[in-house]
Amino acid sequence: ETRGKPIRCRAAVCWKAGEPLVMEEVMVAPPLAGEVRIRIICTSLCYSDITFWKLKDPPGCFPRILGHEAVGVVESVGENVSEVTEGDIVLPIFLPDCGECTDCRSEKSNLCSKFPFKVSPWMPRYESSRFTDLKGEVLYHFLFVSSFSEYTVVDIANITKIDPNIPPNRACLFSCGVSTGVGAAWKTANVEKGSTVAIFGLGAIGLAVAEGARLCGASRIIGVDLNPDKFEIGKKFGVTDFVNSGNCGNKPVKQVIMEMTDGGADYCFECVGAASLVHEAFACCRKGWGKTIVLGVDRPGSMLNFLSFDILHSGKSLMGSLYGGVKPKSDIPILLKRYMDKELDVDKFVTHEMRFEDINKAFDLLIQGKSLRCVLWM
Ligand code: CXF
Ligand code: ZN
């Protein structure tokens, strides 16, 4: 019986930017009111974990427990929590969904205003940590999830209860990457049947956009990447055409795509997190109705600059998409049902599975571009 007591367990702690994680014994405090303590079943790595692990400028918060793509089982709940109970299978999700504010009640937004999303080192409701090391020093949270730990505490606004029959090594992908990419095509862009889509960057997010665009009935899905191996990989995700941006002769990518699409793609997705690629994507979408969706996570402080004429005279839209526009509590069950009905295929994202203690190997694979998703079993 652990309810109400601190739990001692293993976590992979990042002590300093860019250094290998260290398996440590840590203490996880019981959940406060509105919070839930969960035992992580499995967690996968998302490139945002690497981005914040590497972060030197501006400096990140360390020591920190990273990880935000996971599935777990509720161990205990704090006061005022009735939405889930002990034993429920849940996804912790970095984007809060309070269900009550104007934005959560609107179909048009997934950006909660009661608990605004931010990259904070704390819990969302109390600006404090539930983690300490055995000396009593505070360990920081990450994206309100911190799943690189056998136990973590998550706000109820960041929890979605799921069908316990879904295999955990697939369910965890919906906690970030798959939902972000599929959602960007489905919810943010609202890709229509017969559309032409161009995807810049065929990592897991770009490939999830392809999967989403395929589900929406897009007739052409153009993948743009520097790595020629991505074409064969992309085909499995519905990519119909490939542009090798490192080898277009002396033609700019913009010209190649303009020619391929006779005037530009209906929807362009930036899935890398590079300002120059946002400009390239915007240039490749069709005047009048083209939409460019920004999904990539750039360094904090990075800027975009557009000629006002290029906005005014083109009639194009530029949109940001956090978590693919997906509303965690209401849209995740829809996506999971489409997975269970075998419409949405996520198996092909899982390129590796290993034990939690091998987490540094999983980091290396993702950094080297050798994995899409590596699932770690606790
Ligand atoms: C990202 C979204 C933008 C801020 C950092 C985290 N989400 C998930 O990887
Ligand atoms: Zn992520």
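Ligands are counted one by one from 1 in listed order, and the atoms in each one are counted from 1 as well. If you're wondering where the values come from, they're calculated on a predicted model, not measured in any experiment.
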Return yes if a side-chain donor-acceptor contact under 3.5 Å exists between Asp225 and Asn227, otherwise no. no
Side chains of Glu75 and Thr2, donor plus acceptor under 3.5 Å: yes
I need the NE2(His68)-the Zn ion (ligand 2)-SG(Cys176) angle, rounded to 10 degrees. 110°
Between Arg130 and Thr132, does the side-chain hydrogen bond (donor to acceptor under 3.5 Å, both in side chains) criterion hold? Intermediate values first, please. CA-CA 7 Å; Arg130 301 292 160 270; Thr132 46; over 6 Å; no
Collect the protein residues that have a non-hydrogen atom under 4.0 Å from ligand 1 and hand them over in chain and number order. Cys46, Ser48, Phe52, His68, Phe94, Phe117, Leu143, Cys176, Val297, Leu322
Lys/Arg N to Asp/Glu carboxylate O, Glu343 vs Lys337, below 4.0 Å: no
From Phe142 CZ over to Cys14 SG, what is the distance, rounded to the nearest 0.5 angstrom? 10.0 Å
What's the verdict on side-chain hydrogen bond (donor to acceptor under 3.5 Å, both in side chains) for Glu19 and Trp53, showing C-alpha distance, side-chain angles and the deciding distance? CA-CA 8 Å; Glu19 289 187 0; Trp53 167 74; over 6 Å; no
